[in-house]
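The structure under discussion appears below in the form of structure tokens.
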Amino acid sequence: MDQPSGRSFMQVLCEKYSPENFPYRRGPGIGVHVPATPQGSPMKDRLNLPSVLVLNSCGITCAGDEREIAAFCAHVSELDLSDNKLEDWHEVSKIVSNVPQLEFLNLSSNPLNLSVLERTCAGSFSGVRKLVLNNSKASWETVHTILQELPDLEELFLCLNDYQTVSCPSTCCHSLKLLHITDNNLQDWTEIRKLGVMFPSLDTLVLANNHLNAIEEPNDSLARLFPNLRSISLHKSGLQSWEDIDKLNSFPKLEEVRLLGIPLLQPYTTEERRKLVIARLPSVSKLNGSVVTDGEREDSERFFIRYYVDVPQEEVPFRYHELITKYGKLEPLAEVDLRPQSSAKVEVHFNDQVEEMSIRLDQTVAELKKQLKTLVQLPTSNMLLYYLDHEAPFGPEEMKYSSRALHSFGIRDGDKIYVESKTK
């Protein structure tokens, strides 16, 4: 059989990890030096391979000499072959079958949809725990074959594969814990529920950029579909109803949710979005990547009560009544104007006269003296001022620094200012 044209895995490996491109470095965990053997390649003693091989975007089309791969890659545990030109699963199998310690394999952006994956080929993947098939356009038949032959598969990436539907295999996969299936076109919940049937042990489900329009499932059925789901990402989905958010409470182990960019939340402010979602999801401890503290949860739940306090009874969400039971009915928060007061009405006392007047608080003591000059008929140089807070327990305070601003005294309406003459 003719060898496929193009660059081989072994050719690229020798080029990239040659002494010129990848100098030998001594030290624990740095790499593995493979000595020459009588039957070996003359390149063998010039290679120093790490356990993680990154050979992406190298134009690889085929495996090359399998004996060479076996000799060099016996210790390799991770292999990135993304964005190459591999289109024949048999060639991938030749590589993987000679990497016995392989646990992570990235085949993203290879045109592997151009060939059929047979079970005998898929068997060479049996030790792989993490498999990335993003933008490979892998069919569901290919995925099913892989699932049958990878008993220890824990993480599967199926992003950018143009899926509009999900096809269920005859048997489910109990080993899978994490599924990334973002940037497809899975809009209908009937397709998403199939993932729960396929992967009953799923811990993390990433559905971002799928435009899912609703979660149409009874609450008790949701709990059975995803009994172990701890984290779900619904970024940029098409959810438009608070009922869909409430349904997330049916997942019995859910702790983390991502919900940015959904139509439902667009009309709300950033604060309202976060607080209203937190209040509706009492078991979620992380929202959009940020930990929900106990204090933030209480603030959000109290915010939720006040947010719906004036809503007609028939429109109030059920969660409102639960929180009323927890906190009772809350009064609206008082609106407090924290801007500094700009003026005050005070009583000016001089000799036996009392005059009520308004003074600006942004002026200085010297400027106030000028304002009082006409009233008390004293030159400013001969004027002593004393300020009396009507609640102060210590008596009047002399206003002896001419450049001091009046607002620094804390002057309020009803306070008193006493004017005396220095020559008195």
Side-chain angles (χ1 to χ4, degrees), residues 159 163-166 178-200 202-290 292 296-297 300-301 303-305 307-308 311-323:
C159 311
Y163 297 138
Q164 296 186 28
T165 60
V166 174
L178 179 148
L179 176 64
H180 273 254
I181 194 165
T182 67
D183 296 279
N184 284 286
N185 196 26
L186 301 173
Q187 299 184 22
D188 197 278
W189 176 255
T190 57
E191 304 305 320
I192 305 302
R193 75 182 313 278
K194 295 175 187 176
L195 300 175
V197 175
M198 289 170 65
F199 307 116
L202 208 59
D203 170 277
T204 301
L205 177 58
V206 186
L207 285 168
N209 297 321
N210 268 289
H211 312 295
L212 174 67
N213 49 38
I215 301 177
E216 298 168 331
E217 190 83 30
N219 292 344
D220 56 345
S221 178
L222 279 177
R224 292 193 301 271
L225 271 176
F226 294 96
N228 297 293
L229 194 66
R230 187 194 56 80
S231 174
I232 188 169
S233 173
L234 294 164
H235 277 341
K236 295 187 178 178
S237 63
L239 297 182
Q240 303 180 52
S241 168
W242 282 112
E243 293 180 1
D244 295 320
I245 308 303
D246 293 336
K247 282 183 178 291
L248 299 177
N249 289 309
S250 299
F251 299 137
K253 296 185 179 180
L254 192 67
E255 298 175 355
E256 180 176 357
V257 173
R258 292 178 180 267
L259 283 169
L260 293 176
I262 66 174
L264 168 66
L265 299 178
Q266 293 307 310
Y268 299 90
T269 66
T270 300
E271 179 189 28
E272 289 171 342
R273 291 171 192 167
R274 185 166 177 86
K275 287 186 173 180
L276 293 177
V277 171
I278 289 173
R280 285 181 180 264
L281 300 176
S283 298
V284 169
S285 58
K286 186 179 284 188
L287 177 64
N288 297 328
S290 299
V292 179
E296 184 183 20
R297 177 164 301 285
S300 299
E301 291 175 345
F303 177 90
F304 189 90
I305 291 174
Y307 189 87
Y308 285 101
V311 171
Q313 192 66 23
E314 63 274 11
E315 298 178 19
V316 171
F318 179 74
R319 181 64 177 153
Y320 174 84
H321 301 292
E322 292 181 332
L323 293 175

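Hydrogens, waters and symmetry mates play no part in the numbers below; they use all other heavy atoms, side chains included.
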In plain terms, say whether [X] and [Y] are close enough for a salt bridge, that is, a side-chain N and a carboxylate O under 4.0 Å apart.
X: Lys275; Y: Glu301; result: no
X: Glu243; Y: Lys247; result: no
X: Glu271; Y: Arg273; result: no

Are any side-chain N or O atoms of [X] and backbone N or O atoms of [Y], one a donor and one an acceptor, separated by less than 3.5 Å?
X: Glu322; Y: Phe318; value: no
X: Lys253; Y: Asn228; value: no
X: Asn209; Y: Asp183; value: no
X: Asn210; Y: Ile181; value: yes
X: Glu272; Y: Thr269; value: yes
X: Glu217; Y: Leu222; value: no
X: Arg230; Y: Thr204; value: no
X: His180; Y: Val206; value: no
X: Asp244; Y: Leu239; value: no
X: Arg297; Y: Val284; value: yes

For this session: Report the C-alpha distance between Arg274 and Glu296 in whole Å, list the side-chain angles of each, state the deciding distance to 0.1 Å, and finish with yes or no for salt bridge (charged side-chain N to carboxylate O under 4.0 Å, His left out).
Result: CA-CA 10 Å; Arg274 185 166 177 86; Glu296 184 183 20; 2.6 Å; yes

Least distance between heavy atoms, [X] atom then [Y] atom:
X: Arg280; Y: Asn249; answer: O-ND2, 2.8 Å
X: Leu254; Y: Leu248; answer: CD2-O, 3.6 Å
X: Leu323; Y: Phe304; answer: CD1-CD2, 3.6 Å
X: Trp189; Y: Ala214; answer: CB-O, 3.4 Å
X: Tyr320; Y: Val316; answer: CD2-CG1, 3.1 Å
X: Pro252; Y: Pro227; answer: CG-O, 3.6 Å

For this session: Take Leu178 and Asp203 through the side-chain contact (heavy atoms from CB on, under 4.5 Å) test and state the conclusion after the steps.
Result: CA-CA 6 Å; Leu178 179 148; Asp203 170 277; over 6 Å; no

Just verifying a value: how many Å separate [X] [atom1] and [Y] [atom2], rounded to the nearest 0.5 Å?
X: Arg319; Y: His321; atom1: CZ; atom2: NE2; result: 12.5 Å
X: Ile192; Y: Leu186; atom1: CD1; atom2: CG; result: 4.5 Å
X: Ser300; Y: Ile305; atom1: OG; atom2: CD1; result: 11.5 Å
X: Leu212; Y: Ser237; atom1: CG; atom2: OG; result: 6.0 Å
X: Thr165; Y: Lys194; atom1: OG1; atom2: NZ; result: 6.0 Å
X: Leu179; Y: Leu229; atom1: CG; atom2: CG; result: 10.5 Å

For this session: Might you work through the side-chain contact (heavy atoms from CB on, under 4.5 Å) test for Arg193 and Ser221, ending with a clear yes or no?
Result: CA-CA 10 Å; Arg193 75 182 313 278; Ser221 178; 3.7 Å; yes

Problem set entry | Other residues, nucleotides, ligands: >12 heavy atoms within 6.0 Å of Gln266 CD |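 For Gln266, atom CD is crowded (more than 12 foreign heavy atoms under 6.0 Å).
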
For this session: Would you check, one step at a time, whether the test side-chain contact (heavy atoms from CB on, under 4.5 Å) holds for Thr182 with Cys159?
Result: CA-CA 5 Å; Thr182 67; Cys159 311; 3.1 Å; yes

Problem set entry | Chi angles and distances behind the side-chain contact (heavy atoms from CB on, under 4.5 Å) call for Val277, Leu265 | CA-CA 9 Å; Val277 171; Leu265 299 178; 4.2 Å; yes

For this session: Show your working on side-chain hydrogen bond (donor to acceptor under 3.5 Å, both in side chains) between Asn288 and Ser290 and close with a plain yes or no.
Result: CA-CA 6 Å; Asn288 297 328; Ser290 299; over 6 Å; no

Exercise. His211 versus Asn185: any side-chain heavy-atom pair under 4.5 Å?
Worked result: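 Contact flag for His211/Asn185 side chains = yes.
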
Exercise. Among pairs that include at least one residue of residues 244-284, which meet ring pair (Phe, Tyr, Trp, His ring centres under 6.0 Å), considering only residues two or more places apart or in two chains?
Worked result: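 As it turns out, the ring pair (Phe, Tyr, Trp, His ring centres under 6.0 Å) pairs with a partner in residues 244-284, which skip direct neighbours, are Phe226-Phe251, Trp242-Tyr268.
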
